[in-house]
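Given the structure is predicted, the values throughout are model-derived calculations rather than measurements. All chains are named by letter (A, B, ...) in the order of the sequence lines, taking the proteins before the strands, and each is independently numbered beginning at 1.
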Protein chains: 2
Amino acid sequence: MGPVTDETAPRRGRPPVTSRAAILAAARRVVDAEGWDRLTLRRLAAELGVGTTTLYHHVRDREDLLLQLLDEHVERALGAVELPEDPRERILVALVAIHDALDDWPRAAEVLTVDGFLARVGGPALRMVEAVVGAAVDLGCTPEQAVSLFRASWFYTVGELLVRTRSRERSEAPERRAELFAEAFARPETPHLAAVGPRWPEIAGRDGYRAGLEALVDGTLLRLPAADG
Amino acid sequence: MGPVTDETAPRRGRPPVTSRAAILAAARRVVDAEGWDRLTLRRLAAELGVGTTTLYHHVRDREDLLLQLLDEHVERALGAVELPEDPRERILVALVAIHDALDDWPRAAEVLTVDGFLARVGGPALRMVEAVVGAAVDLGCTPEQAVSLFRASWFYTVGELLVRTRSRERSEAPERRAELFAEAFARPETPHLAAVGPRWPEIAGRDGYRAGLEALVDGTLLRLPAADG
DNA sequence: ACCTGAACACCGTTCAAGT
DNA sequence: ACCTGAACACCGTTCAAGT
């Protein structure tokens, strides 16, 4: 991890010109002012007034920077979430909280899908995962089933976020979108799609995240042998 | 779209040195021989022995190239899929077919999430979407509910593919992964995760795509008012 | 009609040489 | 201990000038 900072010991060598915290703060400034596209290591170094290569003493690489940035954001967003007693509701609240925390994170794709992502996130995020797995066990799942339920919900959540945030980033005008779908669907082989036609984008625009999640959770619980006690 | 090719009319001007088909074939060669990372417009032009900028006469941009490539692949993979009569089974077969067709497509993320993706794919892929929406209507969904069911399944599918293919791309050794998860989960605040500990990667490695999809579909149908006739 | 090199405006990362 | 410029090995895209 970062450089050792023992305030009592006399400092040795060249003094640091930046720090992990300063880098993350600068990254947020760049993103807020100019957008995610402009968050490059070179731009970030310029923002801090340091050499680009200096950053490599504080973050491992670009992916590591993004992960740290996401972690900080998620920690802020999830720290105060209160989890209900009822297990089914606890699953839903925890996942909706994760979903909402990631919602204004358009570059999530680059980070959410890294290998072993879950082993690299911080306490508040893990607290939500624990809530889902624990609640699933309370509802009668084996630990394996509970993990599978979390993972299925995670896939659904990641997919929803990535598809929706990408669409939001650069979408055509609503009328043009309706037109494109109407054209693409107007085939004799696809009568049901043709019937929906230009209404597809409008239906797709509705917020169905929670409803889909409930279906996934209830459908999973349905498959468990009814057990109580 | 591409240049006009009317074989009967006398050709005018400088003759083409390449074509859409030749570009897609060359792209496949590059991917198969050197991997997705090496599929750049510059590398592709070199493979074809043409100037890089020549490609811009046949594809709109990089995204367009990727979309055409995916479309060709999906068309091959989905063309012969037979769909069963039973509506619930039809939904599952269609989505599993889409899933499997995209499974060996590690760069799917860049393409699957483009705005209006569905309005840009070809016939065989749309046939699968029609199968899902049509079957959902057969099961008692309104067109709106059918579209929502397809979209929820699509999110789940995209998420599963992206998370899994990324993990596959560059993952640590199994023992190291188990160790990382064990360490990350070993906290008093996360007792259920701690109990699973090093077994997480193994559980995550099991193929649960179809099981999760069934749960999502059944859970959705559960929410419909029981209707027959 | 179609092709092209040069140029523009960038990337992430490594390395040897500072201070 | 920490910082740095230079260099490496690339990108996608535009444009004016060919043939």
Side-chain angles (χ1 to χ4, degrees), chain A residues 1-23 26-27 30-31 34-69 107 109-111 114 169-170, chain B residues 1-23 26-27 30-31 34-69 107 109-111 114 169-170:
Chain A
M1 297 294 110
V4 180
T5 38
D6 182 350
E7 297 294 337
T8 63
R11 293 182 170 282
R12 295 206 159 272
R14 193 166 172 177
V17 292
T18 188
S19 64
R20 198 194 84 104
I23 289 172
V30 171
V31 169
E34 298 172 51
W36 286 94
D37 283 331
R38 303 284 300 169
L39 182 61
T40 65
L41 293 176
R42 288 173 130 100
R43 175 70 188 82
L44 184 53
E47 178 75 18
L48 286 159
V50 305
T52 306
T53 48
T54 301
L55 297 176
Y56 283 86
H57 291 274
H58 300 91
V59 298
R60 191 158 57 236
D61 53 20
R62 185 182 148 77
E63 184 181 281
D64 185 53
L65 170 74
L66 256 24
L67 205 69
Q68 288 193 44
L69 209 53
R107 284 311 161 89
E110 295 175 55
V111 180
V114 308
E169 247 176 64
R170 41 178 182 153
Chain B
M1 298 294 109
V4 180
T5 37
D6 183 348
E7 297 293 337
T8 63
R11 292 181 171 282
R12 295 207 157 272
R14 194 168 172 173
V17 292
T18 188
S19 65
R20 197 193 84 103
I23 289 171
V30 171
V31 169
E34 299 172 50
W36 284 93
D37 283 331
R38 303 282 301 168
L39 182 62
T40 65
L41 292 176
R42 288 174 130 101
R43 175 70 188 82
L44 184 53
E47 178 75 19
L48 286 159
V50 304
T52 306
T53 47
T54 302
L55 297 176
Y56 283 87
H57 291 274
H58 300 91
V59 298
R60 191 159 54 234
D61 52 22
R62 185 182 147 78
E63 182 181 283
D64 185 52
L65 169 73
L66 256 24
L67 204 69
Q68 287 193 43
L69 209 53
R107 284 312 161 88
E110 295 174 56
V111 179
V114 309
E169 247 177 64
R170 35 165 184 171

Given that Arg43(A) and Thr18(B) both sit by DNA chain C, which one's nearest nucleotide is further toward the 5' end?
Thr18(B)
Sorted by position of nearest nucleotide on DNA chain C, 5' first, the leading residue of Thr40(A) and Thr53(A) is Thr40(A)
Where the side chain of [X] is defined as all heavy atoms beyond and including C-beta, which of [options] is the nearest nucleotide?
{"X": "His57(B)", "options": "dC3(C), dC3(D), dC10(C)", "value": "dC3(C)"}
{"X": "Asp61(B)", "options": "dC3(C), dT13(D), dA7(D)", "value": "dT13(D)"}
{"X": "Arg14(A)", "options": "dC3(D), dT4(C), dG12(C)", "value": "dC3(D)"}
{"X": "Tyr56(B)", "options": "dT4(C), dC3(D), dG12(D)", "value": "dG12(D)"}

Which distance, rounded to the nearest 0.5 Å, do you find between the [atom1] of [X] and the [atom2] of [Y]?
{"X": "Leu67(A)", "Y": "Arg62(A)", "atom1": "CG", "atom2": "CZ", "answer": "12.5 Å"}
{"X": "Ile23(A)", "Y": "Leu69(A)", "atom1": "CD1", "atom2": "CG", "answer": "11.0 Å"}
{"X": "Asp61(B)", "Y": "Leu66(B)", "atom1": "CG", "atom2": "CG", "answer": "9.5 Å"}
{"X": "Thr53(A)", "Y": "Arg42(A)", "atom1": "OG1", "atom2": "CZ", "answer": "10.0 Å"}

[X] [atom1] to [N] [atom2], straight-line distance once rounded to whole Å:
{"X": "Leu39(B)", "N": "dC10(D)", "atom1": "CG", "atom2": "P", "value": "15 Å"}
{"X": "Ile23(B)", "N": "dG12(D)", "atom1": "CD1", "atom2": "P", "value": "14 Å"}
{"X": "Leu44(A)", "N": "dT4(D)", "atom1": "CG", "atom2": "P", "value": "13 Å"}
{"X": "Arg38(B)", "N": "dA9(D)", "atom1": "CZ", "atom2": "P", "value": "12 Å"}
{"X": "Arg60(A)", "N": "dG12(C)", "atom1": "CZ", "atom2": "C1'", "value": "15 Å"}
{"X": "Asp37(B)", "N": "dG12(C)", "atom1": "CG", "atom2": "C1'", "value": "13 Å"}
{"X": "Leu65(B)", "N": "dG12(D)", "atom1": "CG", "atom2": "C1'", "value": "12 Å"}
{"X": "Leu41(B)", "N": "dC10(D)", "atom1": "CG", "atom2": "P", "value": "15 Å"}

Between dC10(C) and dA9(D), how far apart are the two P atoms, rounded to whole Å?
23 Å
Sorted by position of nearest nucleotide on DNA chain D, 5' first, the leading residue of Leu55(A) and Arg42(A) is Leu55(A)
Base-pairing assignment for dA6(C) (Watson-Crick or G-U wobble, both under 3.5 Å)
dT14(D)
Is there a donor N/O on one and an acceptor N/O on the other, under 3.5 Å, for the side chain of Thr52(B) and the base of dG12(D)?
no
So, do Leu55(B) and Leu48(B) sit near enough that their side-chain heavy atoms are less than 4.5 Å apart?
yes
